[in-house]
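Each chain gets a letter, A, B and so on, in the order its sequence line appears, and its residues count up from 1.
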Protein chains: 2
Amino acid sequence: MGEKNDCLKLENQMCFPLYAAAREVVKLYRPHLDKLNLTYTQYIAMMVLWERGQCSVKELGEKLCLDSGTLTPVVKSLEQKGFVRRFRSSEDERILLVELTDSGRSLSDSARDIPERVGACLNLTPEEGAVLHGLLYKILGR
Amino acid sequence: MGEKNDCLKLENQMCFPLYAAAREVVKLYRPHLDKLNLTYTQYIAMMVLWERGQCSVKELGEKLCLDSGTLTPVVKSLEQKGFVRRFRSSEDERILLVELTDSGRSLSDSARDIPERVGACLNLTPEEGAVLHGLLYKILGR
DNA sequence: CTTAATTTAATTGTGTTCAATTTAATTATA
DNA sequence: TATAATTAAATTGAACACAATTAAATTAAG
């Protein structure tokens, strides 16, 4: 039979379901984020800021596993929308600090119920969710 | 305490580790795929073709959870590289069929060891891999 | 102190990803 | 049969994602 190529079948790979499921879950967020005038990437950047209030682009990149090529336009767009301020650190002018505005901070009120709403569409039990969460963080080495 | 916002912490979300891990795993493929002159998206399209030999853009999209906006340039690029031929079905001119060339078919020889090499970098036991695989397919509803 | 190395963002170019629209072909309906 | 509805790809425009390069600021080394 052709089982010499079974290793190349889509359903036997890890990459395919991982990548497809990730895009699927991001799509579940979209209608909720539209109401906040945020894209998904802007949303996860805001989550870091809701937790910290302020951080540098470098720290944002470390938290989100994204580089400045991605983050520079994301942060500029958040500034355009009035959710953050951008300014250079006075101690080290290389560092760009990103800080929540009042508008950006209060946006978390409208975001608070999104994870639960999305989670309910996921068809995973809480136990399955916890297992998946753990395995993903193991892949991320965190 | 601030636990009213715990639900908005990055590490308590499903979306973040899922999306980040997916990109991380795609990055693991890149050096191997560079040798085949394939991007990741081109690679998963080729996997469908290695299995079927020929299929329509629509079928490719259903298998990969991608639409024609993504696949049209991917398939054109594969044609440029000489790995596939594109032609309209004679029975239904709406349908674009994509077919492996000899060059595209023989590329699978060089691809066969990639999944194992990438898997070895993943730091998951076979059991963990199987569990993850099952949970991801559950999210995908397949 | 001066030069070299490093660090931080920004920029550039390629390749997705997706929503929305368009075009052409086919099928269903009046 | 004409017309309407549907289907399959392609196109368009916006937003990532990332490698590679650049520019400016800081730090380290001679």
Side-chain angles (χ1 to χ4, degrees), chain A residues 15-16 18-31 33-34 36-46 55-81 84 86-98, chain B residues 15-16 18-31 33-34 36-46 55-81 84 86-98:
Chain A
C15 62
F16 167 68
L18 189 52
Y19 195 45
R23 286 183 290 115
E24 212 56 46
V25 170
V26 168
K27 262 186 236 182
L28 291 177
Y29 277 81
R30 206 178 304 275
L33 297 181
D34 283 347
L36 306 192
N37 188 25
L38 290 177
T39 65
Y40 172 72
T41 312
Q42 289 162 14
Y43 170 65
I44 58 174
M46 288 298 286
C55 75
S56 69
V57 169
K58 178 187 162 67
E59 289 166 331
L60 213 48
E62 283 164 354
K63 266 288 223 186
L64 301 178
C65 309
L66 291 170
D67 72 1
S68 69
T70 301
L71 287 174
T72 293
V74 166
V75 172
K76 281 184 179 172
S77 169
L78 288 173
E79 185 183 48
Q80 282 273 322
K81 299 180 196 204
V84 306
R86 300 181 330 130
F87 56 96
R88 295 276 166 182
S89 162
S90 56
E91 283 137 41
D92 186 339
E93 292 279 339
R94 291 172 302 185
I95 297 173
L96 186 83
L97 292 171
V98 187
Chain B
C15 61
F16 167 69
L18 189 51
Y19 195 44
R23 286 183 291 113
E24 211 56 46
V25 171
V26 167
K27 261 185 237 182
L28 292 178
Y29 277 79
R30 206 177 303 275
L33 297 180
D34 282 348
L36 308 192
N37 188 24
L38 290 176
T39 65
Y40 172 73
T41 313
Q42 290 162 13
Y43 169 66
I44 59 174
M46 289 298 286
C55 76
S56 69
V57 169
K58 179 186 161 64
E59 289 166 332
L60 213 48
E62 283 164 354
K63 266 288 223 186
L64 300 178
C65 308
L66 292 171
D67 73 0
S68 69
T70 302
L71 287 175
T72 293
V74 167
V75 172
K76 281 184 179 174
S77 169
L78 288 174
E79 184 183 47
Q80 283 272 323
K81 300 181 196 204
V84 307
R86 302 182 328 132
F87 58 97
R88 294 278 166 180
S89 161
S90 56
E91 283 137 40
D92 186 339
E93 291 280 338
R94 291 172 302 185
I95 297 173
L96 186 82
L97 292 171
V98 187

Can you find a donor-acceptor N/O pair under 3.5 angstrom joining the side chain of A:S68 to the base of C:dA10? yes
Check whether any side-chain nitrogen or oxygen of B:K76 sits under 4.0 Å from OP1 or OP2 of C:dG15, and answer yes or no. no
If you check the B:I95 side chain, which of D:dA8, D:dA19, C:dA10 turns out closest? D:dA8
Check for a donor-acceptor pair, side chain of A:T70 on one end and backbone N or O of A:L66 on the other, with a separation under 3.5 Å. no
Under the side-chain hydrogen bond (donor to acceptor under 3.5 Å, both in side chains) rule, collect the residues that match up with B:R30, sequence neighbours excluded. none
Checking A:E79 now: which residues fulfil salt bridge (charged side-chain N to carboxylate O under 4.0 Å, His left out) with it, not counting sequence neighbours? A:R86
Using a heavy-atom distance cut-off of less than 4.0 Å, which residues of residues 86-93 of chain B contact DNA chain C? B:E91, B:D92, B:E93
N/O donor to acceptor pairs below 3.5 angstrom from side-chain atoms of residues 90-98 of chain B, sequence neighbours left out:
unit_1, atom_1, unit_2, atom_2, d
B:D92, OD1, B:R94, N, 3.0
B:D92, OD1, B:R94, NE, 3.0
B:D92, OD2, B:R94, NE, 3.4
B:D92, OD2, B:R94, NH2, 2.7

With sequence neighbours left out, the residues meeting side chain to side chain contact (heavy atoms under 4.5 Å, CB included) with A:L28 are A:V118, A:C121, A:L122
What is the distance, rounded to the nearest whole Å, between atom NZ of A:K81 and atom C1' of D:dA14? 11 Å
To the nearest angstrom, how far is B:L33 atom CG from D:dA19 atom P? 13 Å
Taking CG from B:D34 and P from C:dG15, how many angstroms apart are they, rounded to a whole number? 12 Å
For B:L96 and A:I44, take the nucleotide of DNA chain D holding the closest heavy atom to each; which residue's nucleotide lies nearer the 5' end? B:L96
Between B:L60 and B:V74, is there a side-chain heavy-atom distance shorter than 4.5 Å? no
Could you pull out every donor-acceptor pair under 3.5 Å between side chains of residues 38-46 of chain A and any protein atom, sequence neighbours left out?
unit_1, atom_1, unit_2, atom_2, d
A:T39, OG1, A:Q42, N, 3.2
A:Y40, OH, B:C15, O, 3.4
A:Q42, OE1, A:T39, N, 3.1
A:Q42, OE1, A:K81, NZ, 2.9
A:Q42, NE2, A:S77, OG, 3.1

Sub-4.0 Å heavy-atom contacts from residues 59-67 of chain A onto DNA chain C, ordered by number: none
Keeping A:R23 on the side-chain end and B:C65 on the backbone end, is there a donor-acceptor pair under 3.5 Å? yes
Rounded to whole Å, how long is the line connecting atom CG of B:L28 with atom C1' of D:dC18? 15 Å
Taking only nitrogen or oxygen atoms into account, show me every contact under 3.5 Å that the protein makes with nucleotides 3-7 of chain C, one pair per line with its distance.
unit_1, atom_1, unit_2, atom_2, d
C:dT7, O2, A:R94, NH1, 3.2

List the residues meeting side-chain hydrogen bond (donor to acceptor under 3.5 Å, both in side chains) with A:R88, not counting sequence neighbours, and say none if there are none. none
A:R30 atom CZ is separated from D:dA14 atom P, nearest whole Å, by 15 Å
Could you tell me how far apart B:L71 (CG) and D:dT11 (C1') are, to the nearest whole angstrom? 14 Å
Compare side-chain N and O positions of A:T70 against OP1 and OP2 of D:dA15 and report whether any pair is under 4.0 Å apart. no
Between atom NZ in A:K27 and atom C1' in C:dT16, what is the gap in whole Å? 13 Å
B:R23 side chain N/O closer than 4.0 Å to the phosphate oxygens (OP1, OP2) of D:dC18? yes
Rounded to the Å, how far apart are A:E79 CD and C:dA10 P? 10 Å
Restricting to salt bridge (charged side-chain N to carboxylate O under 4.0 Å, His left out), what partner residues turn up for A:E59, sequence neighbours left out? none
Among residues at least two apart in sequence or on other chains, which ones pass salt bridge (charged side-chain N to carboxylate O under 4.0 Å, His left out) with A:K63? none
Check the phosphate of D:dT11 against B:T72, side-chain N and O only, distance under 4.0 Å to OP1 or OP2. Yes or no? no
Roughly how far, to the nearest 0.5 Å, is the CD atom of B:Q80 from the NZ atom of B:K76? 10.0 Å
Kindly say if A:T39 contacts the phosphate of D:dA15, meaning a side-chain N or O under 4.0 Å from OP1 or OP2. no
Under 4.0 Å between a side-chain N or O of B:S77 and OP1 or OP2 of C:dG15? no
